[in-house]
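As the structure is a computational prediction, the values presented were derived from the model and not from experiment. Below, read A as the first sequence line, B as the second, and so on, with proteins coming before strands; counting in each chain starts at 1.
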Number of protein chains: 2
Amino acid sequence: MTGGWLRTGEVADAAGVNVQTLRYYHRRGLLKEPRRSNGGHRLYPPEAVTVLRVIKAAQRLGFTLGEVAELLETASRRHGRPDGGLRARAAAKLAEVERKIADLEAIRRTLTEALDAGCDDLVACAASPRCPLPFSPQPGDGQRSSTVAA
Amino acid sequence: MTGGWLRTGEVADAAGVNVQTLRYYHRRGLLKEPRRSNGGHRLYPPEAVTVLRVIKAAQRLGFTLGEVAELLETASRRHGRPDGGLRARAAAKLAEVERKIADLEAIRRTLTEALDAGCDDLVACAASPRCPLPFSPQPGDGQRSSTVAA
DNA sequence: GGTAAGCCTGTACCTCGGTACCGGATGCAA
DNA sequence: TTGCATCCGGTACCGAGGTACAGGCTTACC
């Protein structure tokens, strides 16, 4: 009944993840160190695969690895009791996602307006009062954009 | 009529940008090297401020610095002639922005569903068929997320 | 001419989420 | 026992968009 222990590569394969990534998650504190073989090789219980899937699912929801680490930690500390903190954090993340959507929609609007106006030369546009592009310095220009990038 | 030349710090201030950032843009090829004083200090024409504003405006539209560099280069090469390339690039960027919005909307849906379902423990959720979170490995899990992050 | 502010180049560092490479040790099967 | 796949820890690197610091020179003002 003591299900087979899995080696690093097996866990990585089962979760669809690179072995290096697994080691990286250890360094980041997302995975706790499993038992070791006599020779020092890691031996994981099958649940480790579930934890990895959970991590990937949370990432797909927009949580950073730091946030995932917190999520896993509070989940294991307050196990089973209501308000494991996930609901509150999910609500906060939802608000964050909605802010990003709003930012991108503003960008979409501006791009659409520029296309409608037939803008075809940035530098010429900067001098034209008919161009809809926002050329004046904006708050937050000097910092990380945090919302937008390619 | 030869308006006053501006020094690095003056250009940076006027455009609301860090002096280091200005130098960084030079390294990236976004700004061409201006004339120098006898002692080697850069002396910018007032138009340099406009170029910086253009760069910041393009960034706000979601263009990367690499894309901005291209935009500025083609703008200066095909100056004034129709199809400076901005329209096509803006259209492509618009499509990109719309993809990102769609991705974020999918995330928003999933977060909302998880909140509605009352999910409060990721690890427990992973075992429950009632949980709406996508725990199975997804294509693209092993790579750069490119769309989502905090 | 003195002094302070500003500028010069070069280099290092930051975040985020990994990925890659190294030399050496281990595990497992034939 | 031999051979090969795998794993170990450590370290370095990617890209994007900057920021910071060090050590030395220039410019501007009084």
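- The listed nucleotides are C:dG18, D:dT26, D:dT19; the one nearest the side chain of B:Ser37 is D:dT26.
- Put simply, the side chain of B:Arg53 never gets that close to the backbone of A:Ala126: no donor and acceptor are under 3.5 Å apart.
- The phosphate of C:dG18 (OP1 or OP2) has a side-chain N or O of A:Tyr25 nearer than 4.0 angstrom.
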Can you pull every protein N or O that's under 3.5 Å from an N or O on nucleotides 3-9 of chain C?
from, atom 1, to, atom 2, distance (Å)
C:dC7, OP1, B:Gly9, N, 2.9
C:dC8, OP1, B:Arg42, N, 2.8
C:dC8, OP1, B:Arg42, NH1, 3.0
C:dC8, OP2, B:Thr8, OG1, 3.1
C:dC8, OP2, B:Arg42, NH1, 3.3
C:dT9, OP1, B:Arg36, NH1, 3.2
C:dT9, OP1, B:Arg36, NH2, 3.1
C:dT9, OP2, B:Arg42, NH1, 3.1
C:dT9, OP2, B:Arg42, NH2, 2.9

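- Residues forming a side chain to side chain contact (heavy atoms under 4.5 Å, CB included) with A:Val51 (at least two apart in sequence, or on another chain): A:Leu31, A:Ile55, A:Leu72.
- In this structure, A:Asn38 atom CG and C:dG27 atom P are separated by 7 Å, rounded to whole Å.
- Between the C1' atom of D:dC7 and the CG atom of A:Leu22 lies a distance of 12 Å, rounded to the nearest Å.
- Nearest to the side-chain atoms of A:Asn18 among the listed nucleotides C:dT26, D:dT19, C:dT19 stands C:dT19.
- The distance from atom CZ of A:Arg28 to atom P of C:dG18 is 9 Å, rounded to the nearest whole Å.
- Looking at residues two or more places apart in sequence or on another chain, you find a side chain to side chain contact (heavy atoms under 4.5 Å, CB included) between B:Gln20 and B:Asn18, B:Arg23.
- Contact check for B:Thr74 versus B:Arg89: side-chain heavy atoms found under the 4.5 Å cut-off.
- Listed pair A:Lys56 / C:dG17 fails the phosphate criterion, with no side-chain N or O lying under 4.0 Å from OP1 or OP2.
- Per the geometry, OH belonging to B:Tyr24 stands 13 Å off C1' belonging to C:dC14, to the nearest Å.
- Between A:Leu52 atom CG and C:dG18 atom P there is a gap of 11 Å when expressed in whole angstrom units.
- In terms of modelled atom types and a separation under 3.5 Å, the side chain of B:Thr110 and the main chain of B:Ala106 share a donor-acceptor contact.
- For CZ of A:Arg130, the number of neighbouring non-hydrogen atoms (other residues, nucleotides, ligands) closer than 6.0 Å is 12 at most.
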